[in-house]
Amino acid sequence: METAAKEIRESKLSDSNGKVLVSQTPQNDDEAAQTDESAKKKKKKSRAKKKKEPLEQTDPPSIPVDELFPSGEFPEGELQQYKDDNLWRTTSEEKRELERLQKPMYNTIRRAAEVHRQVRKYMRSILKPGMLMIDLCETLENMVRRLIKENGLQAGIAFPTGCSLNWVAAHWTPNSGDKTVLQYDDVMKLDFGTHVDGHIVDCAFTVAFNPMFNPLLEASREATNTGVKEAGIDVRLCDVGAAIQEVMESYEVEINGKVFQVKSVRNLNGHSIGPYQIHAGKSVPIVKGGEQTKMEEGEFFAIETFASTGKGYVREDLECSHYMKNFDVGHIPLRLPRAKQLLATINKQFSTLAFCRRYLDRLGETKYLMALKNLCDAGIVQPYPPLCDVKGSYVSQFEHTILLRPTCKEVISRGDDY
């Protein structure tokens, strides 16, 4: 009987040479039950892990990103080490602890960045000549609202979609009724922002269908990457600008048989970003000779560069579409009841985030131009007209949002595309 029981307890396997390999099976019913129980636990654990894996996005994207990442952890941006004099930060336990304390805030802005990546990936796949610019913008903005789960001032669009064409460098978006169509020979800067709890991701790229513009796009893309690389804690803003200009102006572009030296647009800058404040006070120049102010630990910056075939200098022109309530404005008495009513809408819907006339139309506001002018004249709201180089020239732009973490630099908005 003992021999038979032993044979039952042993599972015999033969290899290719006929050699018997013996593995012990549970010795009694209790051991067998324990084995079954541990197997069940393993299955439960593997199921739990599977549930937390990111889901797959639809095409076109329609699932909010917080549902795609049920663990609540959103992807980190690209991490870059600081330069030699700051390398000690990488291993500093004190700096690591500071980051652990900031982790919830980091995760919040990474959620906004993931929305930006997914929206721009889809937009790049559908952009083609013949599209109405207003349709392009509304498709993009509605997708942002859906993926970020727009919720008043807690999550949504950070500023109007800039889709400036050719010599218009920035701050152009179509007003209602605009019939502008995207053309094969256009150079379009697509600049849009997302935010969660006021933490803004400001990121832009340029689209050109005609390959003759590729060197112009390459100039601004590489200049932006240089600015990102040079940025860091205690780095002087003027040094970042000098490095950007050197790379930018090493490019030339041939357009319709004429060769142009690419220029940095000297009166456009990158900028620091604060909560609900797209321009938080510091400017990052894109030419040499800027201010000596230093970047500091914990700051967010938008590193953006503009490459031009024109004068490399912009001025305000064309019909205004962009507006923003002044960040530090106190109470200013208003006489016009309509202006008071419009200001209440702006406070509730946008606070100090930028908005455009289309956004007011969407909220049901009508006949508001006089009231809006009154708010601008009173200094409560600032208009931001389109910024244009000389007519007939072309401008390209690339932009990333970076965070100067205590231990390293995180390019929050980096993606597979740029």
Side-chain angles (χ1 to χ4, degrees), residues 75-84 86-87 90 109-110 113-114 116-117 120-121 123-124 162 169-170 187-193 200-208 211 213-253 261-266 268-273 282-288 290 295 299-309 312 394-405 408-418:
E76 266 186 333
E78 178 193 37
L79 302 184
Q80 293 186 10
Q81 283 190 337
Y82 291 122
K83 294 198 170 179
D84 294 345
N86 263 323
L87 268 179
T90 309
I109 197 164
R110 287 171 190 156
E114 183 60 24
H116 201 288
R117 279 189 289 270
R120 75 189 191 225
K121 180 182 178 183
M123 292 307 298
R124 285 164 85 91
V187 175
M188 177 179 68
K189 283 68 67 183
L190 201 54
D191 187 351
F192 71 99
I200 298 169
V201 171
D202 184 1
C203 184
F205 61 97
T206 300
V207 175
F213 295 113
N214 286 352
L216 182 66
L217 272 62
E218 184 69 15
S220 52
R221 180 166 48 237
E222 284 311 303
T224 295
N225 285 336
T226 297
V228 168
K229 185 179 175 184
E230 292 298 316
I233 296 168
D234 294 331
V235 171
R236 294 184 190 279
L237 296 169
C238 57
D239 294 339
V240 178
I244 286 171
Q245 184 176 20
E246 184 178 355
V247 170
M248 182 82 82
E249 298 188 352
S250 67
Y251 283 83
E252 10 179 80
V253 55
Q261 170 73 51
V262 175
K263 297 173 184 171
S264 281
V265 179
R266 62 185 180 275
L268 288 178
N269 306 286
H271 47 91
S272 56
I273 303 175
K282 291 184 180 179
S283 294
V284 186
I286 60 175
V287 291
K288 62 185 177 183
M295 295 177 156
E299 287 185 318
F300 287 91
F301 283 93
I303 305 295
E304 58 182 321
T305 70
F306 295 84
S308 176
T309 64
Y394 296 92
V395 179
S396 74
Q397 171 203 17
F398 280 84
E399 177 179 24
H400 275 300
T401 295
I402 66 170
L403 165 59
L404 302 182
R405 283 168 46 179
C408 65
K409 176 171 41 181
E410 183 173 346
V411 190
I412 298 283
S413 53
R414 183 74 81 192
D416 295 334
D417 47 353
Y418 65 93

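Note that the numbering runs from 1 along the sequence shown for the chain.
- Listed here is the closest heavy atom pair of Ile109 and Ile200: CD1-O, 3.6 Å.
- Here the shortest heavy-atom pairing between Ala169 and Leu268 reads CB-CD1, 3.9 Å.
- Looking only at side-chain heavy atoms (C-beta outward), Met123 and Phe192 stay at 4.5 Å or farther from each other.
- Ring geometry for Tyr394 versus Phe213: interplanar angle of 30 to 60°, hence tilted.
- Between Arg120 and Leu190, every side-chain heavy-atom pair lies at or beyond the 4.5 Å cut-off.
- No donor-acceptor distance shorter than 3.5 angstrom exists from the side chain of Ser220 to the backbone of Thr305, with no hydrogens or angles considered.
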- Item | Steps toward side chain to side chain contact (heavy atoms under 4.5 Å, CB included) verdict (Val240, Phe301) | CA-CA 12 Å; Val240 178; Phe301 283 93; over 6 Å; no

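- The closest donor-acceptor contact from the side chain of Ser283 to the backbone of Asn269 lies at 3.5 Å or more, if one exists at all.
- Note that the CD1 atom of Ile286 and the CD1 atom of Ile244 stand 7.0 Å from one another [nearest 0.5 Å].
- Side-chain contact between Thr224 and Glu304 is absent, with no heavy atoms from C-beta onward closer than 4.5 Å.
- At least one donor-acceptor pair closer than 3.5 Å links the side chain of Lys409 to the backbone N or O of Val228.
- Asp417 CG: more than 12 foreign heavy atoms inside a 6.0 Å radius.
- Contact of the Val253 side chain with the Val262 side chain is registered, since non-hydrogen atoms from C-beta on lie closer than 4.5 Å.
- Separation of atoms OH (Tyr418) and SG (Cys203) is listed at 3.0 Å; rounding is to 0.5 Å.
- A distance of 8.0 Å separates CD in Glu78 from NE2 in His400, rounded to the nearest 0.5 Å.
- The closest side-chain heavy-atom distance from Ile412 to His116 is not below 4.5 Å.
- Nearest heavy-atom pair, Cys238 versus Pro285, reported as atom, atom and distance to 0.1 Å: CA-CG, 4.3 Å.
- Across Ser264 and Val287, no two heavy atoms sit closer than the pair CB-CG1, 3.6 Å.
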**Request:** Test side chain to side chain contact (heavy atoms under 4.5 Å, CB included) on Glu218 and Arg221 and set out the steps.
**Result:** CA-CA 5 Å; Glu218 184 69 15; Arg221 180 166 48 237; 2.6 Å; yes

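- Between the side chains of Thr206 and Ser396, no donor-acceptor pair is found at a separation under 3.5 Å.
- Rounded to the nearest 0.5 Å, atoms CD (Gln261) and OG (Ser308) are 11.5 Å apart.
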Are Thr401 and Ser413 close enough, and set up right, to give a side-chain hydrogen bond (donor to acceptor under 3.5 Å, both in side chains), and what steps lead you there? CA-CA 6 Å; Thr401 295; Ser413 53; 4.7 Å; no

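- No donor-acceptor distance shorter than 3.5 angstrom exists from the side chain of Asp191 to the backbone of Ala170, with no hydrogens or angles considered.
- Annotation: side chain of Asp239 is not in contact with side chain of Glu230 (no heavy-atom distance under 4.5 Å).
- Inter-residue side-chain proximity for Glu249 and Lys263 is flagged as met; some heavy-atom pair is nearer than 4.5 Å.
- Here Gln397 contributes atom CD and Phe205 contributes atom CZ; the two are 10.5 Å apart, rounded to the nearest 0.5 Å.
- The CZ atom of Phe398 sits 9.0 Å away from the CG atom of Asn225 when rounded to the nearest 0.5 Å.
- Within the 3.5 Å criterion, the main-chain N or O of Gly77 finds a donor-acceptor partner in the side chain of Glu410.
- Side-chain atoms of Tyr82 do not come within 3.5 Å of backbone N or O of Leu87 as any donor-acceptor pair.
- Nearest heavy-atom pair, Pro215 versus Tyr251, reported as atom, atom and distance to 0.1 Å: O-CD2, 3.8 Å.
- Between Arg414 and Arg117 the shortest side-chain heavy-atom distance does not fall below 4.5 Å.
- The two residues Thr309 and Leu216 have their closest heavy-atom pair at CG2-CD1, 4.0 Å.
- A donor-acceptor pair is defined here as one N or O able to donate and one able to accept, closer than 3.5 Å; no such pair exists between the side chain of Lys288 and the backbone of Glu246.
- Taking the charged nitrogens against the carboxylate oxygens, Glu76 and Arg405 do have a contact shorter than 4.0 Å, which makes a salt bridge.
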